[in-house]
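Beneath this line is the structure, given in structure tokens, with notes to follow.
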Amino acid sequence: MAEENRTVKKVTTIQKPQVSNKHNTVSVTLVKSFYGRLPSHRKTIVGLGLKRINHTKEFKDTPEIRGMINKVAYLLKVED
């Protein structure tokens with residue numbers, strides 16, 4: 001008597017949570033000049049990619065970006 005070995009594979013599907021991209025972005029505008037500021041603050045502005053007054057960029061809302069924004073918050077306008 002030969003027994004048949006049956007293997008049953010469980011198929012599970014993982015659904016990604018649907019997150020709106022709009023809620024995960026932050027809009028940052030340079031409102032004051034960074035000339036004459038501390039070198040580390042100027043490098044932070046350059047790191048954010050802001051080149052001139054009224055230049056706006058959107059970033060993902062991550063702790064790293066929030067830390068950069070907090071460092072030079074007196075030069076920026078931030079919109080969630």
Side-chain angles (χ1 to χ4, degrees):
M1 241 164 83
E3 291 186 21
E4 292 182 19
N5 289 332
R6 289 188 174 180
T7 59
V8 177
K9 292 183 180 179
K10 288 187 175 180
V11 177
T12 58
T13 58
I14 300 172
Q15 294 181 347
K16 290 183 179 179
Q18 296 206 357
V19 178
S20 170
N21 288 338
K22 189 68 176 173
H23 295 291
N24 290 338
T25 61
V26 60
S27 178
V28 179
T29 305
L30 183 66
V31 293
K32 288 185 179 179
S33 174
F34 58 90
Y35 290 107
R37 307 297 178 181
L38 292 173
S40 65
H41 290 193
R42 279 186 271 157
K43 288 180 181 177
T44 302
I45 294 295
V46 170
L48 286 170
L50 299 170
K51 298 182 185 275
R52 60 194 167 282
I53 294 176
N54 290 329
H55 187 198
T56 302
K57 289 194 80 171
E58 284 199 16
F59 299 98
K60 284 187 177 179
D61 194 6
T62 62
E64 294 84 5
I65 294 296
R66 283 289 177 180
M68 293 172 80
I69 291 170
N70 286 338
K71 186 172 185 176
V72 291
Y74 63 97
L75 300 174
L76 304 175
K77 182 175 84 176
V78 180
E79 299 169 13
D80 291 327

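Counting from 1, the numbers follow the sequence of the chain as shown.
- Checked options Arg37, Lys32, His41; the residue passing with Tyr74 is His41 (criterion: side chain to side chain donor-acceptor pair (under 3.5 Å)).
- Atoms CG and CG, from Asp80 and Asn24 in turn, are 11.0 Å apart once rounded to the nearest 0.5 Å.
- Considering every non-hydrogen atom in both Val78 and Arg66, the closest pair reads CG1-NH1, 4.2 Å.
- Scanning all heavy atoms of the two residues, the minimum distance from Val26 to Ile69 falls at CG1-CD1, 4.2 Å.
- Checked against ring pair (Phe, Tyr, Trp, His ring centres under 6.0 Å), Tyr35 has no partners two or more places apart in sequence or in another chain.
- Rounding to the nearest 0.5 Å places CZ of Phe34 at 9.0 Å from NZ of Lys51.
- Of all heavy-atom pairs spanning Met68 and Thr44, the tightest one is O-CG2, 3.6 Å.
- The side-chain contact (heavy atoms from CB on, under 4.5 Å) search around Lys57 returns Leu50, His55, Phe59, not counting sequence neighbours.
- Clustering ILVMFWY residues whenever any of their side-chain heavy atoms sit less than 4.5 angstrom apart, transitively, puts Ile45 in a cluster other than the one holding Leu38.
- Scanning for side-chain contact (heavy atoms from CB on, under 4.5 Å) contacts around Ile53 gives Ser33, with sequence neighbours left out.
- In terms of heavy-atom proximity, Arg52 sits nearest to Leu30 at O-CD2, 3.5 Å.
- Note on Val72: it does not cluster hydrophobically with Val46, by side-chain heavy-atom contacts below 4.5 Å among ILVMFWY residues.
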